[in-house]
Amino acid sequence: GQQLNQSPQSMFIQEGEDVSMNCTSSSIFNTWLWYKQDPGEGPVLLIALYKAGELTSNGRLTAQFGITRKDSFLNISASIPSDVGIYFCAGPPIQGAQKLVFGQGTRLTINP
Amino acid sequence: DVKVTQSSRYLVKRTGEKVFLECVQDMDHENMFWYRQDPGLGLRLIYFSYDVKMKEKGDIPEGYSVSREKKERFSLILESASTNQTSMYLCASSLGGQGSYGYTFGSGTRLTVV
C-alpha cells in the first residue's frame, strides 16, 4: 500500500528547543493529519490540514500542508517535557476514503 | 468521557493458539479499525469495518480475521498465533462519512507470542 515517509525517525533535544519534522509521499494527498502518541497510550489527533499551502496552529504546534500536496511539516516551539512521545503523520490514500495510512513516526525525547 | 476500550493491555500467548483481541467503543461510531504498530514501521492497517457485519482487508490482513456482530464491538482474531505477530495492536473508531478522519484510539494491546 501507499507509504508515508517521516523524517527524522528520532530526535533528542534540550527542553526549550524548537522541533521540526516532516512527512513525504510519492503520491498526492488531499488531507494531512498529525497525531501524537504518549507513552503507553494510543495516538491522539493534533492537527488536520485540508488545503495545499494551509498553515494551522494548535498552541505551540504549527503544521503546514505542502504546496506540492506530497508533503507536510510539523513544528513545535519551545519544547517542554510533556511533548515527549511519537508523532505520526497520516492521510487518506484515496480521496474520500475513511481509512488512513500512517508514517513510521518520529520519536521525540527531551533532556531536561 | 467517550472512549475506545481494548480488553487487555498485555497478553502472552503460545505459538499456534487462537487469540481474540476485543475492542469496544461507546461513541456510536460507524467505522472501526485494527492497526498494528511496530518500531520503524509505524501503524499498519490490518482490517476495518464501516458497518455491522461488514469488513474490509487493510494492508496486512494475512493471518488475521475480524468480527463485527454489534456496532460497538470489533474483534481481531489471530487464527493460529505466530511469533511474527508479536506486536502492539491498536483499535480505533471514527464517526463515518466522507472526510471523517478524527480517529479515537484505544490504549493498545501489547501481544507477545512465545
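Scope of the values below: all heavy atoms of this structure, side chains included, with no hydrogens, waters or symmetry mates. Residue numbers start from 1 in every chain, and the chains themselves are labelled A, B, ... in the order their sequence lines are given, proteins ahead of strands. Computed from a prediction, not measured in an experiment: that's the story for all the values here.
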Heavy atoms only: give me the nearest A52(A)-R69(A) pair and the separation to one decimal. CB-CG, 3.7 Å
Is R44(B) close to chain A through its backbone or its side chain, or both, or neither, when contacts mean heavy atoms under 4.5 Å? neither
Answer with side chain, backbone, both or neither: which region of L33(A) has an atom nearer than 4.5 Å to a non-hydrogen atom of chain B? side chain
Checked P39(B), G42(B), G40(B) vs chain A; the most non-hydrogen pairs under 4.5 Å come from G42(B)
Sole residue of Y47(B), W34(B), Y89(B) in side chain to side chain donor-acceptor pair (under 3.5 Å) with Y64(B): Y89(B)
Tell me whether the rings of F102(A) and Y103(B) are parallel (<30°), tilted (30 to 60°) or perpendicular (>60°). tilted
From the list G103(A), A90(A), G91(A), P43(A), the residue making the most non-hydrogen contacts under 4.5 Å with chain B is P43(A)
Heavy-atom pairs under 4.5 Å with chain B - which of G40(A), S10(A), A48(A) has more of them than the others? G40(A)
Please find the pair of heavy atoms, one from L111(B) and one from K13(B), that lie closest to each other, and give the distance. CD1-CG, 3.9 Å
Region of E30(B) that comes under 4.5 Å of a non-hydrogen atom in chain A: neither
Of the backbone (N, CA, C, O) and the side chain (C-beta and beyond), which part of Q6(A) lies under 4.5 Å from a heavy atom of chain B, both, or neither? neither
Please determine if D38(A) and K36(A) form a salt bridge, counting it only when a charged side-chain N lies under 4.0 Å from a carboxylate O. yes
Is L43(B) in contact with chain A via its backbone, its side chain, both, or neither, using a 4.5 Å heavy-atom distance? both
Check the angle between the aromatic planes of F105(B) and Y35(B) and answer parallel, tilted or perpendicular using the 30° and 60° thresholds. tilted
